[in-house]
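In listed order, ligands and their atoms are each counted from 1. The figures here come from the full heavy-atom set of this structure, side chains too, leaving out hydrogens, waters and symmetry mates.
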Amino acid sequence: MDLSKRQEQIIAIVRENGPITGEKIAELLNFTRATLRPDLTVLTLSGILDARPRVGYFYVGNQTSSVFGELLRKSLVRDYKSVPIVVNEQTTAYDATVTMFLEDVGTLFVVRDAGILCGVLSRKDLLKLAIGQTALKEVPISIAMTRMPNIYTVTPETSIYDAGKLLIHAQVDSLPVVVPSESANGQWEVVGRVTKTTITRLFVELGESKQV
Ligand code: ADP
């Protein structure tokens, strides 16, 4: 809902000073009580302010957005991640392209033994090779991938909200979900992926008010 500047001023005053009477708000803003009446009605009906007789107005907050935000912060990557599609460093650019088509993904994770994350390969990385007229059936993807430690990752315990923020901040489509490797110290094992589709799917589920 779009609030007018005056309505935002009223909210700020009530947040600071509530409970506060309508007369007092009007006084602080240099308006008459009658001028403010429609604004106070809108803010009360929309659930942002509450009014108690003989006490005044107090701030309740925008319940809808805080419930939505809380859901996103409580939803964990662990419960929404999908299966990672992985290849190894020696895979040729041609085979990686075929894998992207067969698996219907835009990003491949590049791993060493025991699923240790060493790179990420996106569509654009492959397109760059194609533009350079590289021999796609001969070159390994290791020459085009983004390497560790320059890879943005999340863990199963990361919230969907934080994962979404990272996708936007890093301007990437896909994040590997990793856990510390049991066999290789200081390395990360890939156990899943979170993509813009993961976030969009949850968004749609919430929109349909399905049990999530
Ligand atoms: P696309 O190439 O389809 O636009 P991205 O925007 O995800 O896909 O990828 C852009 C660049 O960022 C590529 O060079 C890719 O290797 C790199 N990249 C992709 N995902 C990540 C990630 N999680 N962390 C770091 N770099 C990444």
Under 3.5 Å donor-acceptor pairs involving side-chain atoms of residues 25-37, not counting sequence neighbours:
from: Thr32; atom 1: OG1; to: Thr35; atom 2: N; distance (Å): 3.1
from: Thr32; atom 1: OG1; to: Thr35; atom 2: OG1; distance (Å): 2.6

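When the side chain to side chain donor-acceptor pair (under 3.5 Å) test is applied to Thr107, no partner is found at least two apart in sequence or on another chain. By the side-chain contact (heavy atoms from CB on, under 4.5 Å) test, Thr195 pairs with Ser174, Arg193, Thr197, Thr198, sequence neighbours left out.
Note: Met145 CE to Glu89 CD = 4.0 Å, rounded to the nearest 0.5 Å.
Smallest separation of non-hydrogen atoms from Gly192 and Phe109: O-CE1, 3.7 Å.
For Thr134 (side chain) and Leu129 (main-chain N/O), a donor-acceptor pair under 3.5 Å exists by modelled atom type.
The residues lining ligand 1, counting any heavy atom closer than 4.0 Å, are Val120, Ser122, Arg123, Lys124, Asp125, Thr146, Asn150, Ile151, Tyr152, Gln171, Val172, Asp173, Ser174, Leu175, Pro176.
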